[in-house]
Amino acid sequence: MGKTPLEFIARESLLGAHNYMPLDVVLSRGEGVWVWDVNGVRYLDCLSAYSAVNQGHCHPKIMQAMAEQARKLTIASRAFYSDQLALFYEDVAELFGARQVLPMNSGTEAVETAIKCVRKWGYETRAIPEDKAEIIVCADNFHGRTITIVGFSTDPGKRRGFGPFAPGFRIVPFGDFAAFAAAVTPNTVAFLVEPIQGEAGVNIPPPGYFAKVRALCSEKNIALVLDEVQTGLGRTGKLLAQEHEGIKADVTILGKALSGGFYPVSAVLADNDVLSVLRPGEHGSTFGGNPLACATARAALRVLVEEGMIENAQIQGAYFKAALESIGAGCMKEVRGRGLMLAVELHPDAGGARAYCEELARRGVLAIDAHQHVIRLSPPLVIEREQADWAVERIAAVLRNPLSPLAGRGLG
Ligand SMILES: *Cc1c(COP(=O)(O)O)cnc(C)c1O
């Protein structure tokens, strides 16, 4: 076994596909907001596995629920009933006010599921001609990695070389209500959109955008499908980001933190009859809704609510954002975000966010770049004020000092 980080890195890149470009940090342990590398060096995690560990690393109560269920029954398949699935449905329906629930595993699968269901719903309830259903999506979207989904991505790096793609999607600019309204046709069955575009660099829509979208969708009987895989479950300081907009989606997609980072669990929540179009055999997943997933997810939701993580995200998020703004370094263009879904956008001439993230890692803060000039900051929702101060101190030192030691890497 290799001992130094560099040995692990070399061995990974020898046998694995190179579909990621990780920072040079080799992690082996996590607890709350902290993670440790193989040398025992501690870092404050400001990525939270893209918001999969909102509840903090290795939350003991989720761990306990998962271990208890793992001793009893892990998977039965949906060919049989289990004593856990109904409990999961009940908890989810009550917490989110959902009418029907469909469990899957990854966020991507839940998005695919929603796409299938809104299409079928369109054909069955709206008399749309066969194979003519249209779904409107937004430029700079991120909804996952399947062929269908990357087919309507506007990021060449995510779609180049993977065609041919599925038809039936129209792309409009995010946050532009007039463009959305103009794209609606009699065959539009759904609008699939993120409440805040995370991967695109934490893009927040203008005030009132979603209220107008909601009204038009209701008027035209278009299903409003909100992908809350990243924004949901407390990340923005509300249980769901749609609450900031004062709206309720017809279909809400959850994933990531639904298991507190222990296990891939996702779900499609419907407030209308979109999920009732499915009949036995028309959709499924071997692992979807298995007892281990259900027990883990229920514990993850319970601690999120009972331990006040959503309120904490709001309070610490506001504090963190103000502290970032007060750094006022010359390379900073804007600080934006909601709750603990935060981003610092750098000026284009700052040399790119990646080098700043590398320097942050050397100082003990793990964050990742998005869209070249954006540093995303989304720590676990259990972060305390002193920990936020600890992070901001280091972020400030890196942002205020772009010439050294970054100069050697083409900055400044
Ligand atoms: C991460 C993400 C997905 C995909 O989830 P996976 O679990 O990686 O498949 C979909 N939508 C949004 C908004 C995401 O952030």
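Every number for a ligand or one of its atoms is a count from 1 in the order of the listing.
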Shortest protein heavy-atom distance from atom 7 (O) of ligand 1, along with the residue and atom involved:
G107 N, 2.9 Å
Hey, which of N105, T74, V265, L292 is the one that makes side chain to side chain contact (heavy atoms under 4.5 Å, CB included) with F287?
N105
Is the closest basic N to carboxylate O distance between E307 and K61 below 4.0 Å?
yes
Carboxylate-amine/guanidinium proximity below 4.0 Å for E112 and K116
no
Of the side chain and backbone of E194, name the one, both, or neither that has a heavy atom under 4.0 Å from an atom of ligand 1.
side chain
Indicate yes or no for a side-chain donor-acceptor contact from S77 to the backbone of A79 under 3.5 Å, with no hydrogens or angles considered.
yes
Applying a strict 4.0 Å limit to heavy atoms, is F142 in contact with ligand 1?
yes
Give the single entry among L192, D227, L254 that approaches atom 12 (C) of ligand 1 most closely by any heavy atom.
D227
Can a salt bridge be assigned to the pair E282 and R119 using a cut-off of 4.0 Å between side-chain N and carboxylate O?
no
Out of T108, T146, T231, N105, who is nearest to atom 4 (C) of ligand 1 when you count heavy atoms only?
T108
Name every donor-acceptor pair, under 3.5 Å, that has one atom in a side chain of residues 311-321 and the other anywhere in the protein, sequence neighbours excluded.
{"from": "N312", "atom 1": "ND2", "to": "L381", "atom 2": "O", "distance (Å)": "2.7"}
{"from": "N312", "atom 1": "ND2", "to": "I383", "atom 2": "O", "distance (Å)": "2.8"}
{"from": "Y319", "atom 1": "OH", "to": "D389", "atom 2": "OD1", "distance (Å)": "2.5"}
{"from": "Y319", "atom 1": "OH", "to": "D389", "atom 2": "OD2", "distance (Å)": "3.3"}

Say whether K256, considering both its backbone and side-chain N or O atoms, lies within less than 3.5 Å of an N or O atom on ligand 1.
yes
Side chain or backbone, does Q230 bring an N or O within less than 3.5 Å of an N or O on ligand 1?
yes
